[in-house]
Amino acid sequence: MNKDMMLGSEAVALGVKLARPKVISAYPITPQTHIIETISEMVDNGELDASFIRVESELSAISAAMGASQAGVRAFTATSSHGLALMHEVLHWIVGARLPVVLVNANRAIGSPWNIWTDQTDSMSQRDLGWLQVYCETAQEALDTVLQAFYVAEKVLLPIMVMIDGFILSHTLEEVVIPEQEQADEFLPPYKPEYYLDVENPMSFGNPAKGDVFYLFRKDIQRSMEASFGVIGEAHEKFKKVFGRDYGLYEYYRLSDADIVFVIAGALTGTVRVAVDRLRDSGVKAGLLKIRYFRPFPKDEIRELLKGKSSVIVLNRSLSFGSSGQITQEVMGALYYEKEKPKIYDYILSLGGKEVFVDDIVNIAENLGTLSSSNILWRE
Amino acid sequence: MDFRDITNVEYVNQGDYACPGCGAGLSMRHALKVLGEKTAIVMPASCWSIIAGVFPTTALQVPLMHVPFATAAAVASGVKNAFNEKGEEDVNVVCWAGDGGTFDIGLQALSGAAERKEDIIYVCYDNEAYMNTGIQRSSATPPGAWTTTTPTGNPLVYDKKDMFNIVASHNPAYVATATIAYPDDFYKKFEKAKNAKGFRFIHLLSTCPPGWRIDSKDSIKVMRLAVESGMFVLMEKEQGKPINVTYRPERFIPVKEYLSAQGRYRHLSEETVNEIQDRVNRRLKELGLI
Ligand code: SF4
């Protein structure tokens, strides 16, 4: 097996290369830049046979990717933070147009004030669009998820946003198993859409639709979201067969006999794993649930996993101001029909890259008795 | 050109949603006769978003993609690169945008695509205001013109944005102005654009009878008056060559004749008309036409 040390960003770029997209369009923003620099190099030295469009804004980056996808080829872009926000209108349009664009977002705070460090505000602000959302913990997971994303997107005809944490994943060296191109080709078939801009068979895409039809289109998006659970499962199964690595909609650690469960998404999961071990060593029955797919949200499975636990501490790195952390909302929704609900703690763990250490997590569990489960919890 | 060469094939179906006398509808019909079936259209929000028909019908016999307002030139860049990647380099990828989508909200994407020398044809049908939303001012609205957001006239201190030169400053393969009221000139320019490679831009003056407060039957006449008075100059510029004025009236008529043919200028004072005439004269002098 071929292994190498690489940045999370480089792992993403490698995943993109293995997926053989035909058009990549991008605009630089910290901390996404290494992704597009690496891809530019791959295109320039002929490793990746694709067009790279160096656009003048993120709005144009996503627009060009959309155009390429509508013309029937595999398209990719990457961004972060303000860039993702600037794309918002077209992110909507891509969903309605049912185009399987894959986007990697390096999670970063959004100003004002300026802040280049990580939190999940950027992607959580785009959760309601109809994009599937996956949050990655490691460089290997990021690489593998990019390949899986094309597979899933092209089957359900919905776009996918793959998240890596800015800096703590994008700019960190990790060991990565490098897949062979033959393996990638075996896993991911060439993209052959049924409908696209075709001069031999002309069609119009996006003509105005009246309410009755529009309503059905939107219902269809939700249906596809629901159906995507099956497709994701199929993708993970095939991925395991080809590459030997196992993935799920979520992942858990020391969960089955746990009383206290931390819920988190993204690269800080690693810190929580270590905290769980420390708590276990001191006799606290702690466990961890990592959310990989936030959209679609696997609420039935999560209800089963959290059933009978005494406390669930949701570690958010974004919040819906005036309400609560977005992950908390989902977990609460999932548990609504349980008779014996765990106490759910709505914890805002970090924003704008505020550092999180193992001790911080351990302290939360150790001081749980003093915390309230009826309002948002902030760190000192 | 010989009008017998114009194809009988229609690429715009009957029953589209254009108002009677709409310059934009007519322009598309003839542009597609030149561009032909190997054409894909990218269309940002504009009157044409409606003219093209309501799902599940369509007015066009070529592939069409509707796109958000600010994105046409960027989407077309993606489309063109995708066609190239598929080995279909011969497809004309055409942005078909109004003045709002070109002069205002789409200008950044347009400039980006022009700078990158994307191999696309960008057509702006300029009806000099946001007509689809009910005649609001754009940066293509001439000074003095009435719109619903300039009820006493577009401020005289404003200048209509000079799109021809803005695009020309990107050193594109081809840039031209045209209007379907001069079909031979129009056909030649679309032909040139079609045969050139790189970024191509055609600025069409395009009447809007309800927005210009004219009778539908006068649509062609008013576009002709714009050219005959020097308000709109028919010209082109090929890469590396100087500007070429493609039609020169024997004698320019007073702009007053153009302005007084339209209700949107009805409120103008004698003084304002003179001011507009002065500006037109200055521009014609710059171009060496008077
Ligand atoms: S409002 Fe004007 S531009 Fe729009 S379709 Fe009618 S005539 Fe044409």
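Just so it is clear, the model here is predicted, and its values are computed rather than measured. Every chain is numbered from 1 and lettered A, B, ... according to where its sequence line falls, protein lines coming before strand lines.
- Between chain B and the residues A/S60, A/S51, A/A61, A/G72, the most heavy-atom pairs under 4.5 angstrom are made by A/S51.
- No side-chain donor from either of A/T38 and A/E41 sits under 3.5 Å from a side-chain acceptor of the other.
- Rounding to the nearest 0.5 Å gives a distance of 8.5 Å between CE of A/M163 and CG of A/L103.
- In terms of heavy-atom pairs under 4.5 Å with chain B, the best-connected choice from A/V90, A/N207, A/V199, A/V73 is A/N207.
- Checked by atom type, the side-chain pair B/S139/B/D104 shows a donor-acceptor distance below 3.5 Å.
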B/N127 and B/S206: side-chain hydrogen bond (donor to acceptor under 3.5 Å, both in side chains), yes or no, with the steps?
CA-CA 5 Å; B/N127 49 34; B/S206 176; 5.4 Å; no
Evaluate B/T133 against B/Q136 for side-chain hydrogen bond (donor to acceptor under 3.5 Å, both in side chains), listing each step before the verdict.
CA-CA 7 Å; B/T133 43; B/Q136 293 85 20; 2.5 Å; yes
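- Chain B is approached within less than 4.5 Å, heavy atom to heavy atom, by no residue from residues 152-160 of chain A.
- For a residue to count as touching a neighbouring chain, one of its non-hydrogen atoms must lie under 4.5 Å from one of that chain's; by this rule A/M66 touches chain B with backbone and side chain alike.
- The cationic atom of A/R218 (NZ for Lys, CZ for Arg) lies less than 6.0 Å from the six-membered ring centre of A/F214 and within 45° of the ring axis.
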Verdict with supporting geometry, A/F187 and A/Y151, ring pair (Phe, Tyr, Trp, His ring centres under 6.0 Å):
CA-CA 8 Å; A/F187 171 72; A/Y151 182 99; 5.0 Å; yes
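- Heavy atoms of A/Y195 lying under 4.5 Å from chain B are absent altogether.
- B/D99 and B/Y125 are not linked by any side-chain donor-acceptor pair at a separation below 3.5 angstrom, with hydrogens and angles left out of the test.
- At least one cation-pi condition fails for B/R200 and B/Y122: the charged atom is not both under 6.0 angstrom from the six-membered ring centre and inside a 45 degree cone around its axis.
- Ion pairing between B/K189 and B/E236 fails under the 4.0 Å rule for side-chain N and carboxylate O.
- Distance check, rounded to the nearest 0.5 Å: CD1 of A/I94 to CD of A/Q70 gives 10.0 Å.
- The local environment of CG in B/D159 is crowded, with over 12 non-hydrogen atoms from other residues, nucleotides or ligands closer than 6.0 Å.
- In the model, A/S170 has no side-chain atom that pairs as donor or acceptor with a side-chain atom of A/H34 under 3.5 Å.
- A salt bridge does not link B/D90 to B/K194: none of the charged nitrogens lies less than 4.0 Å from a carboxylate oxygen.
- Of the listed residues (A/S25, A/S69, A/A50), the one with the most heavy-atom contacts under 4.5 Å to chain B is A/A50.
- Taking 4.0 Å as the cut-off between side-chain N and carboxylate O, A/E56 and B/R116 count as a salt-bridged pair.
- Within residues 18-32 of chain B, no residue approaches chain A closer than 4.5 Å by heavy atoms.
- Heavy-atom neighbours of chain A within the stretch residues 72-89 of chain B, taken at a separation under 4.5 angstrom, comprise B/A74, B/V75, B/S77, B/G78, B/V79, B/N81, B/A82, B/F83, B/E85, B/K86, B/E88.
- Annotation: B/F164, atom CZ; neighbour count of heavy atoms from other residues, nucleotides and ligands within 6.0 Å is above 12.
- Close approach to chain A, defined as a heavy atom under 4.5 Å from one of its heavy atoms, is seen in B/E37, B/K38, B/T39, B/S49, B/I50, B/A52, B/G53, B/V54, B/F55, B/T57, B/T58, B/Q61, B/V62, B/P63, B/L64, B/M65, B/H66, B/V67, B/P68, B/F69, B/A70, B/T71 of residues 37-71 of chain B, taken by number.
- Counting heavy-atom pairs closer than 4.5 Å to chain B, the top residue among A/S63, A/G206, A/A71 is A/S63.
- Only the side chain of A/I53 comes within contact range of chain B, judged by heavy atoms closer than 4.5 Å.
- One side chain, A/D185 or A/Q181, offers a donor N or O that lies under 3.5 Å from an acceptor on the other.
- Contact record, A/A68 with A/V23: CB-CB, 3.5 Å, taken as the closest heavy-atom pair.
- Note that CD of A/Q183 and CG of A/L147 are 10.0 Å apart. Values are rounded to the nearest 0.5 Å.
- No hydrogens or angles considered: nothing links the side chains of B/T148 and B/R137 as a donor-acceptor pair under 3.5 Å.
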Between B/D162 and B/N165, does the side-chain hydrogen bond (donor to acceptor under 3.5 Å, both in side chains) criterion hold? Intermediate values first, please.
CA-CA 6 Å; B/D162 184 355; B/N165 278 313; 2.8 Å; yes
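- A/N201 does not touch chain B: none of its heavy atoms, backbone or side chain, sits under 4.5 Å away.
- In this structure, chain B has heavy atoms under 4.5 Å from both the backbone and the side chain of A/A209.
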